[in-house]
Amino acid sequence: MTAPTVVRLVSEDWAELRDIRLRALADAPDAFGAVLADARSYDEGVWRERLATGNPTFVVRDGAATVAMSGGFAPDDSPDAFVW
């Protein structure tokens, strides 16, 4: 049995981000500022763009399954940074 690993996603990992994000929105719709129906309509370019910014997105992989996600966000016009 292998231990879970934390991986920073890159734009080529867009489908993995889409899949875990849609699962999270379905599981806890009130926990996010997005709506599942909207996120389902995003095309590949939107998901790639999210990963192409300087803001990191991480996932936890447990074997072949992606089981958690997190990241950071630093707005250009603010001295604050956010972890989600």
Side-chain angles (χ1 to χ4, degrees):
M1 176 178 223
T2 60
T5 57
V6 176
V7 178
R8 182 176 180 173
L9 298 182
V10 296
S11 63
E12 290 79 17
D13 300 317
W14 70 271
E16 185 175 6
L17 173 61
R18 179 200 58 208
D19 293 347
I20 194 166
R21 178 75 171 161
L22 294 179
R23 283 186 289 149
L25 286 167
D27 181 60
D30 295 333
F32 300 94
V35 177
L36 178 59
D38 292 340
R40 283 184 174 149
S41 72
Y42 298 161
D43 65 13
E44 178 180 332
V46 171
W47 295 108
R48 284 182 177 274
E49 184 177 319
R50 287 178 173 227
L51 293 172
T53 70
N55 299 309
T57 299
F58 299 94
V59 295
V60 176
R61 293 178 182 156
D62 189 2
T66 303
V67 297
M69 66 178 171
S70 68
F73 175 68
D76 292 335
D77 61 346
S78 172
D80 299 323
F82 304 91
V83 175
W84 53 270

Ser41 side chain to Asp38 backbone, donor-acceptor under 3.5 Å: yes
Kindly say whether Gly71 contributes a backbone atom to a donor-acceptor pair with the side chain of Asn55 at under 3.5 angstrom? no
Got more than 12 heavy atoms from elsewhere within 6.0 Å of CZ, Arg23? yes
Measure the shortest side-chain to side-chain distance between Leu25 and Val35 over non-hydrogen atoms and say whether it is less than 4.5 angstrom. no
Between Phe73 and Trp84, is the ring centroid distance below 6.0 Å? no
In Å and rounded to the nearest 0.5 Å, what is the OH to CZ distance from Tyr42 to Arg50? 5.0 Å
Indicate yes or no for a side-chain donor-acceptor contact from Asp13 to the backbone of Val10 under 3.5 Å, with no hydrogens or angles considered. yes
Those residues that, when tested against Thr2, pass side-chain contact (heavy atoms from CB on, under 4.5 Å) (two or more places apart): none
Could you grab the distance from atom CZ of Arg18 to atom CG of Leu51, nearest 0.5 Å is fine? 12.0 Å
Between Met69 and Val83, is there shared hydrophobic-cluster membership here, with clusters defined by ILVMFWY side-chain heavy atoms closer than 4.5 Å? no
Criterion side chain to side chain contact (heavy atoms under 4.5 Å, CB included) on Leu22 and Leu36, from CA distance to verdict: CA-CA 6 Å; Leu22 294 179; Leu36 178 59; 3.8 Å; yes
Same hydrophobic cluster for Phe58 and Leu17, using side-chain heavy-atom links shorter than 4.5 Å among ILVMFWY? no
N/O donor-acceptor pair under 3.5 Å between Asp43 side chain and Val46 backbone: yes
Results of salt bridge (charged side-chain N to carboxylate O under 4.0 Å, His left out) for Glu44 - residues two or more places apart only: Arg48
Can you tell me how far apart CH2 (Trp47) and CG (Asp19) are? Round to the nearest 0.5 Å. 9.0 Å
Which value, rounded to the nearest 0.5 Å, describes the distance between Thr57 atom OG1 and Arg8 atom CZ? 8.0 Å
Looking at CD of Glu16 and OG1 of Thr66, how far apart are the two atoms once the value is rounded to the nearest 0.5 Å? 3.5 Å
